[in-house]
Amino acid sequence: MMLSVRDLAVAYGPIRALNGVSFDLEARTSALLAGANGSGKSTLLRAISGLAAIGGGDIHFEGRSLRGLAAHQIASLGIAHVPEGRRIWPTLTVREHLQLAGNHVPTARRRALVDDIVGLFPRLKERWTQDAARLSGGEQQMVAIGRGLAADPKLLLIDELSLGLAPVVVKQLFAALDHINGQGVALLIVEQALHAALAHARYGYVLERGTLVVHGTPDQLRASDAVRKAYLSI
Amino acid sequence: GGPATPAVLNEIILGATLPLTGKESRAGLYFKNGYTLAVDEINAAGGVMIQSVGRKLPIKLEIVDDKSDSMTAVQLAEHLITVRGIHALLGTYETKLVLAQSVVPERHKIPYVTGGGAASEIFKRDFKWVFGLLSSVEAMAATFMDWLAVEQDAGHLARPARIALAWENTAHGQDFRAGTEQRVAAHADRFTLVMNEAFELNSKDFTPLMLKLKAATADVFMSDTHYPDFVLQHKTYLQMGLTHPVVAYGPRGTEADARATLGDGVNYLVSGQWWTQELPYPESRAFVKNYTAKYGDVSSYYPGLAYETARTMIAAIQTAGTIEREPVRQALAAMDRDGAILPGRRVYFPAKTGNQIDNPSVLVQNMPGGTFRIVYPPDAATGAALVPPPR
Amino acid sequence: MLQLDNVTKRYGGLVAVNGVSARIAAAQTTAIIGPNGAGKTTLFGMIAGAIPPSDGRIIFADHDITRWSADQVCRAGIGRTFQVVRPFWAMTVHDHLRAAAAFGSKAASRSESTVLSDIVTLCGLQDVADRVALTLTLADCRRLEIARALATGARMILLDETMAGLTPEETEQAIQLVKGVVAAGRTVVLIEHVLPAVRGLADRVIVLDRGAVIADGEPIEVLSSATVKKAYLGE
Amino acid sequence: MTRLIPILLLIALAALPFAGPAIPGGVYITRLAVIGLLYIASATAWDLVGGLTGQVSFGHSAFFGIGAYMTAWLVGTGWPMPLTLLPGALLAAAYGALWGWPCLRLRGPFFAIATIGVGEATRLIALLAEGVTGGATGLTLSIGGWEHTAYYLALGLVVVAFALSWLVRRSSLGLGLSCIREDVEAATSIGIKVGWLQVQALMLSAAVVAAAGGIYARYLYYVEPGDVFSFNRGIALILMATIGGLNSKWGPAIGAVIFLGLEQGLAAWFPQGHLGIYGLLLIGVMLYEPNGVVAFGRKLRGVASAAAR
Amino acid sequence: MTDSATLASVVIFGVLLGGVYAAMAYGLGLIYGVMRIVNLAHGAVLMLAAYAAYALNTRFGLDPLVASIVIVPISYGIGMLLYSVLVRRVVHGPPMASLLLLFGVGLVGRNIAYLIWTGDDRSIALSYNLTTVDLGVPVPVTKLVIFGFALAGTAALYAFLHWTHTGRAMRAVARDPVAAELAGLSADRISARAFGVGTALAAFAGVLLSMLYVINPEFGSALQLKTFCIIVLGGMDSIGGILAGALTLGLAETAAGVYGGTAWQDLVSFILLVGILVTRPGGLPSFFRR
Ligand SMILES: Nc1ncnc2c1ncn2[C@@H]1O[C@H](COP(=O)(O)OP(=O)(O)OP(=O)(O)O)[C@@H](O)[C@H]1O
Ligand SMILES: Nc1ncnc2c1ncn2[C@@H]1O[C@H](COP(=O)(O)OP(=O)(O)OP(=O)(O)O)[C@@H](O)[C@H]1O
Ligand SMILES: [Mg+2]
Ligand SMILES: [Mg+2]
């Protein structure tokens, strides 16, 4: 198992965001995480990447406990997290975002990655030396994802993948993620547009009020009543 | 008000707030040393005779830091009087602090002697409890001008002399300018003012001032400054290669540090002093010896003034033979004391100036090798002034 | 109700919005769609008075509001939401609405308290009315922004991607919410990438690409046009 | 019960000048209290801009100085002292509007530094305008009058400042200012006239601080630009409000009392080390409770009520 | 006083003064740029470093420039330490907290200076104190040295912040430490380094200033105010902006002193500051942007 989450509990002060969540991710897999607003999806990703303190239970990545590690230490283990709300660096250029994230990657590999990213989001090349603050919302989302990819991760966590992206870009993005996944990067993606997402995932999880309520292969999820009602109604 | 006087009087408490930190901390330090030395000396001599107790009592000095801030100087004076139970108050340093603080002794009717506030403004208010040991800055400026006239008459200086005046924008500087302007107006045949510039205290660049000075082609450059501004001004002056027959920075110029920094550049500067270590009086010489042994540098007027301020208050208590306030005040008002270390050797507080001493100040000229000459007034002079300085 | 004449915004060499002209009638729901960076948000910003146009005119209810400041525009009757939510983080939901009602459109009635509670109900914020924005979920923040815009008494509201990041169920609720807003007689202009919402709500769709209008008309018609399919939907 | 505390406090303060001579140190405390009350009123008024609106102003020294000078001038021409506070307050409010209008468009450090510029420029102008202000020497006021005039005026000003702060906070003005503090762009989007609202807050706050300056002039009988327009006065207000707790009803007042106590107490008893001790205390407070004493109080109350349960 | 020779001196001395100001401001600018912290201890650092240069000069006869080889690295360490022990704990709190904390640090620094060196004024005796170079007007070599540092400082800092990984990381941490952590950058360590570099720059400036000015414990406070003005004029964010802000102030003050009154220098610079901010809310860089 690449990632194994056991009885994970996370709280923000008195608010319990996650309550005993357990699941495993294999290497090279591609998993989807869904759930209503406030169900704890982002918190789960934050706990994995070290942004939220693990309250109870534990998370292991490649056999190593992530408890007590700082976010940057976890990042250097090979987990990249594209956070909710983009969190780009407003005064850095598009190029600098990719440079910073890919600093530890060997030069040849880094070049290839940057080429991939630019191929995926040609728009970024057009805005290459523009401060990120002055990009449109969708362009910023591209930078955020590009930054995650540039780190050459083993596991890529993306929160709200399609948020603010035009349908054409979302389509390309799913195709690109398939490609990346094909190269061996494991994916854990939070996405609300389940229809499209399920077509690209190998496994799916649904969170409700901080606990995993449904999980299974895309077919199993599509068959689940709860999922159909809440996520596939349109 | 005031706290109940203790049944048995064991010591006489003198209080003072001083600018130990902040803008005036240099002066504050020297004042503290001067006060302390005077008190130590009297205590070494057994203290002050107090009739009601029937024996000599030692003096205790309570000094607090007013941070060069008027309000704190006022508040802490109140504190000293009402909480710490001092018997008399010695003044803080710098005119505006004294202006603010002097209201407190007047309100509480407690004797107050200041050697740190020179503005006549302080004494124009008909206060009964406030006594000043610094003659006015206007008078000091006037002394300068009188000396210039002497040099003119000796043919050393052009007549009329072109005077370039710079003054720091403080109460001190304002008075210096006023004194100079009065003399210039009174003697148009002798003096013309070709530059009259104010500058901010603690400026970080005097190049513009010196450019102006250069353009003014003056015979005399007079500037009234604090120490840091003096060093920076004169450094800039020297760097620009300026020379004038007479260069004076008010009370500045004798400082040992200045010579260390500016080297021979300080030769022949003339300074006006309320007190200087050059004064030939035995009391002054003894003071210089004791002070230097204990604290080192005594090259500015601050320690001398502080020392004499404390001595004056102690003398008044001695004369009164009591720490009762009114008798001490009367002793001050009636004082005409000899053996002081100030120019003229006398301490007295004329009623017509509102209890501010009006003794002369002396002018000192720096000589090569770090020696000094008192050049004015003639009766105190230790040598002739070199005007213009030898090349 | 709203008339755009040749509205243009340049940033240095970049033309973010390029000569957009359109008329938007009262009580109609208009969707603006287009690829990322097409200039949709910039156009909203110009209408709302937050970004000064480089060129062109904007006329709202017979007033030329081209050079008006954002607060003037709001008081004239245009409310807006932000693409990246911008609630007053330390204030309660209720205070948001009170403030909006106090400072918003002159036309807003003075018996707000009843109206405000209607808005709270309409937007489904009853349960969180006394919580500060900091503790709300994204969906709640979106609803809060809509409620805040409504509470200003705006006759026209501009919604910038209010459906982004919502689950389909929540999207459906949001669609119902906007329908309620329209039913209450307000004119809605919305930017969306979530097509079900566009289909479910819009009477008319305007497509922007690289700052210019490339299509304008009925949703079904526009969304099936070849240019839009290619530039936006990627089909 | 807690509602009674302010009233009892007010009564106690009103009685202090008469009780003063009877308690040990009472005379000194009464004198010190004048400054304390002026600090409380000024800090509370400053908080309308610095806390409620979130615009940290270093420039309030300008208002203080204007008030002080107005009183000095008018008393010099024979006005009864209490009446001089009103023109001082009005002039300061007008001055606030004059520079507030352009400057309040700035935010964060830009606004803060612009206010440093305004405050210092005002001080320097006062210093240079010798004919009007007496220049560096300043002006002296004739001494006399009832000894507790300044005290009761200061006490009255504290009541005014609290009332003003309370009224503003529960009016739509206060609501609008909060919106501005949180997000200017969002605030304009709901129709808030950001400039005008902030100017109103600055004017109100300026008026109170100017009145404090006027009372101070009467207290010291001496005004001088370096003192009444001092940059340190601006800093002091910020320290008070922050130590106590920004944007709170009692915070600035509590901070003012602590500030005065430390400022005077440390300087009186530790002539060598007061700066350092004060610095260490500040560091301690900010490490332990960056939101000020009021936040600490809230926590304590939380603990207490938890224990009670 | 309106001839071209005077104008030439105004320009030369104005630019030199601008160099002094720029040198003073880099440390403050860097720390603000990276951490959004207004370092109210900046003045104390300038002052203590100047005293350190004084002490090394009087004890061992070291030239201040030589002394800086010792002082600058130590200051870097002190800066890192200060960050790790104190600033780190408030940097993400309310903005006023870091402001006051550092104000407290500044007070402690001043008190230390009073205890060690008393409130007396000190100055360093340098053999080349009065040496000048003739550029049409006599120009002090000390100011030329400082000006050289100001120019080199701009270039070096720009290159550091834009072309090195650490520099970019500092800028990233400045704007979003969380995102920086996610990109594998230790926000804490990078901030500590930035604080160290900022402190070291300030210390170096303090050493340079000791060659020009009389030192006392209050020496930093007045300079600090001016450095704030400079970095704000410079737009708070750009290194080139600092130089531009410093030169603007230097020229304006010198011109005000020469063509107006010497006492107007500060007044003019404050009025200019307010004027520029009011018309250009982003400071000087916004003249070059649209
Ligand atoms: N910083 C925080 N402080 C307090 N509560 C929080 C914080 N962040 C999240 N929460 C709460 O924790 C719960 C889970 O939040 P989380 O962000 O993980 O949900 P989510 O599933 O990602 O929702 P969304 O779809 O809105 O992003 C919610 O109830 C939320 O209100
Ligand atoms: N302040 C600015 N300076 C320079 N360019 C800008 C600025 N603001 C926006 N832009 C550019 O203008 C273009 C239009 O931006 P806008 O935000 O309007 O796009 P949008 O249509 O809303 O896109 P999205 O769907 O991604 O939100 C983008 O390419 C963006 O990079
Ligand atoms: Mg989320
Ligand atoms: Mg947009």
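Each chain gets a letter, A, B and so on, in the order its sequence line appears, and its residues count up from 1. Hydrogens, waters and symmetry mates are skipped; everything else that's a heavy atom, side chains included, is used.
Note that CD1 of D:I113 is 9.5 Å distant from CG of E:L233, once rounded to the nearest 0.5 Å. Between atom CG of residue E:L277 and atom CG of residue D:L106 there is a gap of 5.5 Å, rounded to the nearest 0.5 Å. We find the CZ-CE distance between E:F103 and D:M286 to be 11.5 Å, quoted to the nearest 0.5 Å. Between the CG atom in D:L124 and the CD atom in E:Q265 there is a gap of 11.0 Å [rounded to 0.5 Å].
When each of E:V38, E:L225, E:L115 is scored by its heavy-atom pairs under 4.5 Å with chain D, the top score falls to E:L225. Of the listed residues D:T122, D:V285, D:L127, D:L282, the one with more heavy-atom pairs under 4.5 angstrom with chain E than any other is D:L282. Of the listed residues (D:C103, D:P102, D:G292, D:A114), the greatest number of heavy-atom pairs within a distance under 4.5 Å of chain E belongs to D:P102. Per-residue counts of heavy-atom pairs under 4.5 Å with chain E were compared for D:I277, D:L239, D:I116, D:I235; the largest is that of D:L239.
E:Y32 places a side-chain heavy atom less than 4.5 Å from the side chain of D:P109. Residues E:D266 and D:E120 are not in side-chain contact: their nearest non-hydrogen atoms beyond the backbone lie 4.5 Å or more apart. Residues D:I238 and E:M96 form a side-chain contact, since some pair of their non-hydrogen atoms from C-beta on lies under 4.5 Å apart. Within the 4.5 Å cutoff, side-chain heavy atoms of D:R105 are placed close to those of E:V278. Counting heavy atoms from C-beta on, the side chains of E:W264 and D:L128 come closer than 4.5 Å.
In terms of heavy-atom proximity, E:L86 sits nearest to D:I283 at CD2-CG2, 3.8 Å. Nearest heavy atom pair, residue D:P290 against residue E:P94, reads O-CG, 3.8 Å. Closest non-hydrogen pair, D:L275 versus E:L107, comes out as O-CB, 3.6 Å.
Listed for the E:N111 side chain is no donor-acceptor partner under 3.5 Å among the backbone atoms of D:Y278.
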**Study point:** CA sep, side-chain torsions, deciding dist, call: D:W99, E:V274, side chain to side chain contact (heavy atoms under 4.5 Å, CB included)
**Key:** CA-CA 9 Å; D:W99 64 260; E:V274 177; over 6 Å; no
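Contacts of E:V90 with chain D are made by side-chain atoms alone, with heavy-atom separations under 4.5 Å and no backbone atom involved. Contacts between E:F228 and chain D at a heavy-atom distance below 4.5 Å involve backbone atoms as well as side-chain atoms. Looking at E:L273, only its side chain comes within 4.5 Å of chain D, counting heavy atoms on both sides. When heavy atoms are compared at a cutoff of 4.5 Å, D:F231 approaches chain E solely by way of its side chain, counted from C-beta outward.
No more than 12 heavy atoms of other residues, nucleotides or ligands shown are found within 6.0 angstrom of CZ on E:R189.
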